[in-house]
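This report concerns only the one structure given below.
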There are 2 protein chains.
Amino acid sequence: MMSCEQARGADTPSPCPHARSREGCVDCKVRLLSICAALDAGELCELESLSHPACFEPRTTLFLQDEPAEIVYNVTDGVVRLYRLLPDGRRQIVGFALPGDFLGLSMADRFGFSADAVTRVTTCRFPREVFSAFVDTKPHLLRRLHEFASHELSLAQDQMVLLGRRTAEEKVASFLMSLRDRWARVTGASVTVPLPMGRQDIADFLGLTIETVSRTLTRLARERALLIVPDGVRLLDLPRLERLAVA
Amino acid sequence: MMSCEQARGADTPSPCPHARSREGCVDCKVRLLSICAALDAGELCELESLSHPACFEPRTTLFLQDEPAEIVYNVTDGVVRLYRLLPDGRRQIVGFALPGDFLGLSMADRFGFSADAVTRVTTCRFPREVFSAFVDTKPHLLRRLHEFASHELSLAQDQMVLLGRRTAEEKVASFLMSLRDRWARVTGASVTVPLPMGRQDIADFLGLTIETVSRTLTRLARERALLIVPDGVRLLDLPRLERLAVA
DNA sequence: CGTTGAGTTGACCATCGTCAACAGGAGTGG
DNA sequence: CCACTCCTGTTGACGATGGTCAACTCAACG
């Protein structure tokens, strides 16, 4: 499980050619999804002056659990996996960050999980101390951060129900449906759900093995509930999947 | 699983004779553990004027998932179980609230889970709108709420690792160790861990069945890792339990 | 002294994990 | 261009962990 070597992306972020020059925060396509939606034009401009764009190649690390959280991240494009490891190497993915998600919500001095890029990822980064000071002058931004954290907590509780009380088939169906809903906010509704993460990532998110994930997807495909396409699935029998994914 | 009838406590909170008359917030024994520690004497007094003490008998309901969150709660004594149900009755307990814990951290307009009293529980209650308005005038209190929520999120992620990637024996050991640590903050350190919740509650928290919890505890007791006492366990072989509970 | 409900224990079994083999695509070098 | 490796994903055979079902103990309570 997880034997791959991973390049460290954070120390040498790719120059990410057009990350800043191309557009400002005002034109940012995830602004309304992200914490930034709490800011007016002037505040946005202030925040922009504090931001450092950075992008990460697939399979590079943004940060590691327990390391000092010098930097917080706003994900503007791509998918990031967030995970914790047990000493013997077992891994639990605690979430996937999509465009608009914020890493470092807690503003604690250390990261509570590790994060690495699944796809090519672009981010706005902020030195944590600077960002924290900025937040202290903007109570409505703190409110927004708190709403985001509360939403994360609710998702975490959903995931507890899934991990503790659902069968493999229900887990896979729930995962697909909730990922579909999250993509809908970013890219618009679609019955085709992109799965940029590998089967091992899905397994480590659902508390299953890669074989069980593979078998379950195959079976759902054989029974015409979905169609496996390159890097994703197309949902066919929505009522059935909905039924499996309830609550 | 969970077939017991439950009285509704919230509509008819017991008078709770000495809840307010006995002591004010200044003398509250969980003040320093709770969100109230963020307040100075004057603010505490303000908040006190907004609070309504209430207590709940064992097995009564504080509130139900998805119902409008008219009230938020500060638990001052006792243990509350927080849970979500699947339509078919499967239950996942997402946490146990101990003295000092706050229910309604998210300040969302509906509760994300149901809550009922395990022991006799005493609380300070606040109308949510009133509390929310109070928070809006006290950014440092919002900070504290946010820290509490962030801590909850971190605990939720611990629980995801536990549910997704640990064996029954590891789950039980982790549960006991982390409960011991939480009690330590409230009642002081001890190798005797009170377990006021029943086996079914523990099972529904750990993603196991009551039989597996019972068997696992019995085995750990037979192997002298712990001693089962009325309403709790005494931890004997701490190194071994620590090893099972790592990370 | 019977009833009830929680907890324990045993026998059996199913779901999912383990181990192994195989398929197919991407990249590499002769 | 082809052979080769590497990696991811799929599939099958088998087994173990933990679930299911049932019986039993015991304390609390009337």
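Each chain gets a letter, A, B and so on, in the order its sequence line appears, and its residues count up from 1.
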Answer yes or no: is there an ion pair linking A:Arg84 with A:Asp66, defined by an N-O contact shorter than 4.0 Å?
no
Identify, with sequence neighbours excluded, every residue that meets side chain to side chain contact (heavy atoms under 4.5 Å, CB included) alongside B:Leu103.
B:Leu62, B:Phe63, B:Tyr73, B:Val75, B:Val80, B:Leu82, B:Ala97
Give the rounded distance in Å between these two atoms: CZ of A:Arg91 and P of C:dG17.
15 Å
Tell me which residues in residues 167-175 of chain B put a heavy atom below 4.0 Å from DNA chain C, sorted by number, or none.
none
Residues from residues 212-231 of chain B lying under 4.0 Å of DNA chain D - heavy atoms:
B:Thr212, B:Arg215
Presence of salt bridge, A:Asp204 and A:Arg90, under 4.0 angstrom:
no
Nucleotide by nucleotide, 5' to 3', does protein get under 4.0 Å of the base (B), only the sugar-phosphate (S), or neither (-) in nucleotides 22-30 of chain D, counting heavy atoms?
---------
Minimum heavy-atom distance B:Pro68-B:Phe111, with the two atoms named
O-CE1, 4.0 Å
Out of D:dG9, C:dT18, C:dG7, which has the shortest distance to the side chain of B:Arg199?
C:dG7
Flag the pair A:Asp201 and A:Arg81 as a salt bridge only when some basic side-chain nitrogen lies within less than 4.0 angstrom of an acidic carboxylate oxygen.
yes
Would you mind checking if A:Glu57 and A:Arg120 are paired as a salt bridge, meaning a charged N to carboxylate O distance below 4.0 Å?
yes
Any idea which of D:dG18, D:dT8, C:dA6 is nearest the B:Leu208 side chain?
D:dG18
Rounded distance (Å) that lies between atom C1' of C:dT4 and atom CZ of B:Arg59:
13 Å
For residues 224-241 of chain B, please give each side-chain donor-acceptor pair under 3.5 Å, one per line with the distance, not counting sequence neighbours.
residue, atom, partner, partner atom, Å
B:Arg224, NH1, B:Arg222, O, 3.2
B:Arg234, NH2, B:Thr192, OG1, 3.4
B:Asp237, OD1, B:Arg240, N, 3.1
B:Arg240, NH1, B:Glu223, OE1, 2.9
B:Arg240, NH2, B:Glu169, OE2, 3.0
B:Arg240, NH2, B:Glu223, OE1, 2.8

Integer-rounded Å distance: C:dC19 P and A:Ile210 CD1:
15 Å
How many Å lie between CD1 on B:Ile202 and P on C:dT8, as a whole number?
9 Å
How close or far is atom P of C:dC16 from atom CZ of A:Arg166, stated in whole angstroms?
13 Å
Which residues pass the ring pair (Phe, Tyr, Trp, His ring centres under 6.0 Å) test with A:Phe148, not counting sequence neighbours?
none
